[in-house]
Amino acid sequence: MTQDPLLTGLAALAVEPPESLLERIAARWVRVPAPIGEVTVACTDQGVAYVHAGEGFAQAFRERFGRPLLPAARPPAGLLPALRTGRLSGLRLDLRGLSPFQRAVLDAAREIPRGEVRPYAWIAARVGSPRAVRAVGTALGRNPVPLLVPCHRVTRSDGMVGDYVFGAPAKERLLLEEGVDLDRLRALAGKRVFYLASDTTGVVCFPTCHNARRITAAHRHGFRSLAQARAAGYRPCRTCRPAQDVPA
DNA sequence: CGCATGGCCCTTA
DNA sequence: TTAAGGGCCATGC
């Protein structure tokens, strides 16, 4: 056994890193209420890194981030309203470690307003990889910060709600709470209607676009595809962007 | 019109 | 390095 102060110092360091270092690299966790029930949220010095529902938070966090965890005294400012509304308003996210593709997908999902939905294919086109539809699903499935990045607003092109990191039922509940009329969407899908157009404006929208909701019945026309709407003389809405100009 | 089936892109094991 | 498979989509009966 050596008495060398350097070695004992190092040994102590291995067991207990100095507080300042730990402070810097550790994530802090809190349990907070969310629309789907209680969730556990982990934050780094850069922002919110992880939102987890159900059991097994610590293990899942370790496997995914491999960073030490400490309890937080209180939730960061703005977290609770952000979880409730999906509006971050200044709350920062720590998305380091995500691939550029994943980040682009999450950024696109954040463009979907509360109360509206967009297809997976829309995200794919939005990020410039129109055929990467399945990859979009995978990326959203690995969204580390659900609710804050509203991946639940991404639904299937055939009108089904699709899957969700917290389970499809939770996705449905969230969308209903946000005011999405799922029954109506299902009814439209049953008629193979995935776009709504107005013959007063000449614009065609996704059914949940706030512009589409104001079309009166007399002027409303449903379309199965964008091509058909265009053939009928409608141009894609600039708000919901059912067609995005994909650079060739 | 409901179902099956390739296809496609990205990530992970 | 490669191969497999996923929160999908368009097509073809």
Side-chain angles (χ1 to χ4, degrees), chain A residues 34-37 39 49-54 56 59-66 86 95-112 116-178 180 182-195 204 206-208 222-231 236 240-244 246-248:
Chain A
I36 55 162
V39 294
Y50 191 43
V51 175
H52 181 273
Q59 189 189 340
F61 180 87
R62 258 193 305 277
E63 281 170 5
R64 201 153 166 184
F65 298 89
L95 299 178
R96 292 173 297 175
L98 298 193
S99 72
F101 178 80
Q102 285 175 307
R103 234 190 296 254
V105 165
L106 296 188
D107 285 343
R110 293 174 65 176
E111 295 177 7
I112 310 173
E116 303 187 22
V117 297
R118 302 282 180 275
Y120 290 88
W122 180 84
I123 304 264
R126 195 103 192 80
V127 304
S129 307
R131 285 158 311 191
V133 199
R134 300 197 68 170
V136 165
T138 306
L140 292 176
R142 289 190 56 78
N143 175 12
V145 285
L147 303 172
L148 300 178
V149 168
C151 58
H152 58 278
R153 295 180 195 153
V154 185
T155 56
R156 296 173 37 146
S157 295
D158 64 3
M160 305 279 95
V161 160
D163 220 330
Y164 185 47
V165 57
F166 295 153
K171 188 175 187 176
E172 277 211 33
R173 289 201 304 275
L174 282 168
L175 291 176
L176 289 172
E177 261 179 62
E178 295 190 348
V180 179
L182 289 179
D183 286 336
R184 176 158 172 275
L185 284 183
R186 279 190 272 258
L188 289 172
K191 295 185 291 185
R192 302 289 110 118
V193 169
F194 304 111
Y195 302 90
V204 56
F206 284 119
T208 58
F223 289 95
R224 173 201 213 98
S225 74
L226 196 58
Q228 290 172 6
R230 282 185 138 137
C240 64
R241 293 199 251 194
Q244 5 220 345
V246 180

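No hydrogens, no waters, no symmetry mates; every other heavy atom, side chains included, goes into these values. Computed from a predicted structure; not experimentally measured. Naming: A, B, ... by sequence-line order, numbering from 1 per chain.
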Can you tell me which nucleotide in dC9(B), dT11(B), dC9(C) comes closest to the side chain of F101(A)? dT11(B)
Salt bridge check: are E111(A) and R118(A) linked by an N-O gap of less than 4.0 Å? no
Looking at F194(A) and G159(A), what are the two nearest heavy atoms and their distance? CE2-N, 4.1 Å
Just checking A135(A): base, sugar-phosphate only, or nothing, at a heavy-atom cut-off of under 4.0 Å? base
Which base sits across from dT2(C) as a Watson-Crick or G-U pair, both distances under 3.5 Å? dA13(B)
Quick check: on DNA chain B, is the nucleotide nearest R134(A) upstream (toward 5') of the one nearest R192(A), or the reverse? Name the residue that is more 5'. R192(A)
Nearest-neighbour nucleotide for the R156(A) side chain, dG6(C), dG7(C), dC9(C) considered: dC9(C)
Re dT5(B): Watson-Crick or G-U wobble partner, both distances kept under 3.5 Å, found to be dA10(C)
When the distance from CG of L140(A) to C1' of dT11(B) is rounded to whole Å, what number comes out? 14 Å
Between CZ of R64(A) and C1' of dT12(B) the distance, given in whole Å, is 13 Å
Counting only side-chain heavy atoms from C-beta out, which of dT11(B), dC10(B), dA10(C) sits nearest to S99(A)? dT11(B)
Please give, in whole Å, the distance from dG6(C) P to Q102(A) CD? 17 Å
Nearest-Å distance, OH (Y164(A)) to C1' (dG6(C))? 18 Å
Quick one: sort the F61(A) and F65(A) rings into parallel, tilted or perpendicular, breaks at 30° and 60°. parallel
Have a look at V161(A) and say if it touches a base, only the backbone sugar-phosphate, or nothing, with a 4.0 Å heavy-atom cut-off. nothing
Does OP1 or OP2 of dC10(B) have a side-chain N or O of R131(A) closer than 4.0 Å? no
Can you tell me how far C1' of dG6(C) sits from CG of N143(A), to the nearest Å? 16 Å
Which of these nucleotides, dG7(C), dT12(B), dA10(C), is closest to any side-chain atom of V165(A)? dG7(C)
Against the side chain of V154(A), the closest entry in dT12(B), dG7(C), dC9(C) is dG7(C)
Look at T155(A) and dG7(C) and indicate whether a side-chain polar atom (N or O) is within less than 4.0 Å of OP1 or OP2. no
Pairwise distance CG(D183(A)) to CG(L188(A)) - rounded to 0.5 angstrom: 11.0 Å
For Y195(A) and F206(A), I'd like to know if the aromatic rings sit close, meaning centre-to-centre distance below 6.0 Å. yes
Between dC9(C) (C1') and L226(A) (CG): distance, integer Å: 15 Å
D163(A) atom CG is separated from dG7(C) atom C1', nearest whole Å, by 4 Å
Is the distance from OP1 or OP2 of dG7(C) to the nearest side-chain N or O of T138(A) less than 4.0 Å? no
Atom CZ of F194(A) to atom C1' of dT11(C): distance rounded to whole Å? 14 Å
